[in-house]
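Everything on this sheet refers to the single structure shown next.
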Amino acid sequence: MESNISVPTDNVYKFYAISSLLVIIFSIGAVLYLNKTTNDLAFNSVVELEALKSASGPPGLDAKKKMVLERRLEIAVENKTLFLYSLGAISGIAIVGLIYGFAKWHKDLQPVIDETAKVQLEIAKLQLEKMKRELDATSGNEDITSES
């Protein structure tokens with residue numbers, strides 16, 4: 001399978017900026033997914049805990065289930081906190097990379113690229129004028145030779 005997406009590898013600063021932007025986007029998606037899954041787990045655990053409190057079953061088994069569900073809820077909250085801090089750190093690094101990459105690209109490289117394009121345009125214009133003069137000169141010579 002061939003990909004039609006071209007990766008910007010013409011300069012490293014553009015790569016830094018675009019890859020950092022992608023990391024930020026995926027971090028936002030990961031935060032949303034993390035919140036959703038943790039909330040689902042918490043809601044299910046709370047519902048099961050309330051069902052255990054109202055159910056009348058063997059006291060030892062219910063107590064163990066209740067303890068497991070409470071611990072499961074605690075672990076989910078701890079993991080969510082850890083993952084959010086980790087994603088925050090990754091996003092922070094990506095924001096720094098994004099700012100650095102775009103700034104260097106815009107301030108250092110893009111002016112050189114723009115100047116190169118202007119010079120190439122001037123060269124093309126001069127070559128076109130030269131070709132026109134040569135064409136006019138050869139046309140003038142043909143007119144002179146055909147009159148003789």
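Residue numbers start at 1 and run along the sequence shown. In what follows, every heavy atom counts, from backbone to side chain, and hydrogens, waters and symmetry copies are set aside. Note that the coordinates shown come from a computational prediction; the quantities given were computed from them, not determined experimentally.
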Item to complete: For T38 and N35, indicate whether the former's side chain and the latter's backbone hold a donor-acceptor pair under 3.5 Å.
Response: no

Worksheet item: How close do A30 and L87 get, heavy atom to heavy atom, and via which atoms?
Response: CB-CD1, 3.8 Å

Worksheet entry | Criterion side chain to side chain contact (heavy atoms under 4.5 Å, CB included) on K80 and L84, from CA distance to verdict | CA-CA 6 Å; K80 180 181 177 182; L84 285 176; 4.0 Å; yes

Worksheet entry | Connected via hydrophobic side-chain network under 4.5 Å: I95 and Y16 | yes

Discussion item. Strictly by salt bridge (charged side-chain N to carboxylate O under 4.0 Å, His left out), give each pair with a member in residues 106-132 just once, sequence neighbours left out.
Written reply: K104-D108

Worksheet entry | Residue pair T37 / Y33, side-chain heavy-atom distance below 4.5 Å | yes

Discussion item. If I take atom NZ from residue K65 and atom CD from residue E70, how far apart are they, to the nearest 0.5 angstrom?
Written reply: 14.5 Å

Worksheet item: Any chain of hydrophobic side-chain contacts (each under 4.5 Å) joining L98 to I25?
Response: yes

Fill in: Residue pair I24 / S91: nearest heavy atoms and the distance that separates them
CG1-O, 4.3 Å

Worksheet item: Between S20 and A17, is there a donor-acceptor pair closer than 3.5 Å when you use the side chain of the first and the backbone of the second?
Response: no

Fill in: Gap between atom CG of N39 and atom CG of N44 - 0.5 Å precision
10.5 Å

Worksheet item: How many angstroms lie between atom CD of E74 and atom OG of S45, to the nearest 0.5 angstrom?
Response: 11.0 Å

Item to complete: Give, for atom OG1 of T138 and atom CZ of R133, the distance between the pair rounded to the nearest 0.5 Å.
Response: 13.0 Å

Worksheet item: Should V46 and L41 be counted in the same cluster of Ile, Leu, Val, Met, Phe, Trp and Tyr side chains packed under 4.5 Å apart?
Response: no

Worksheet entry | F102 and W105 aromatic ring geometry - parallel, tilted or perpendicular at 30°/60° bounds | parallel

Item to complete: Say whether I90 and L22 are linked into one hydrophobic cluster, either directly or through other cluster members, by side-chain heavy-atom distances under 4.5 angstrom.
Response: no

Discussion item. Hydrophobic clustering (ILVMFWY, side-chain heavy atoms < 4.5 Å, transitive) - are F83 and V77 grouped together?
Written reply: no

Item to complete: Could you grab the distance from atom CG of L49 to atom CE of M67, nearest 0.5 Å is fine?
Response: 12.0 Å

Worksheet entry | Contact list for residues 17-46, test salt bridge (charged side-chain N to carboxylate O under 4.0 Å, His left out), sequence neighbours left out | K36-D40

Discussion item. Quick check: do V31 and S27 have side-chain heavy atoms less than 4.5 Å from each other?
Written reply: no

Worksheet item: Should R72 and L69 count as side-chain neighbours, where that means a heavy-atom distance under 4.5 Å?
Response: yes

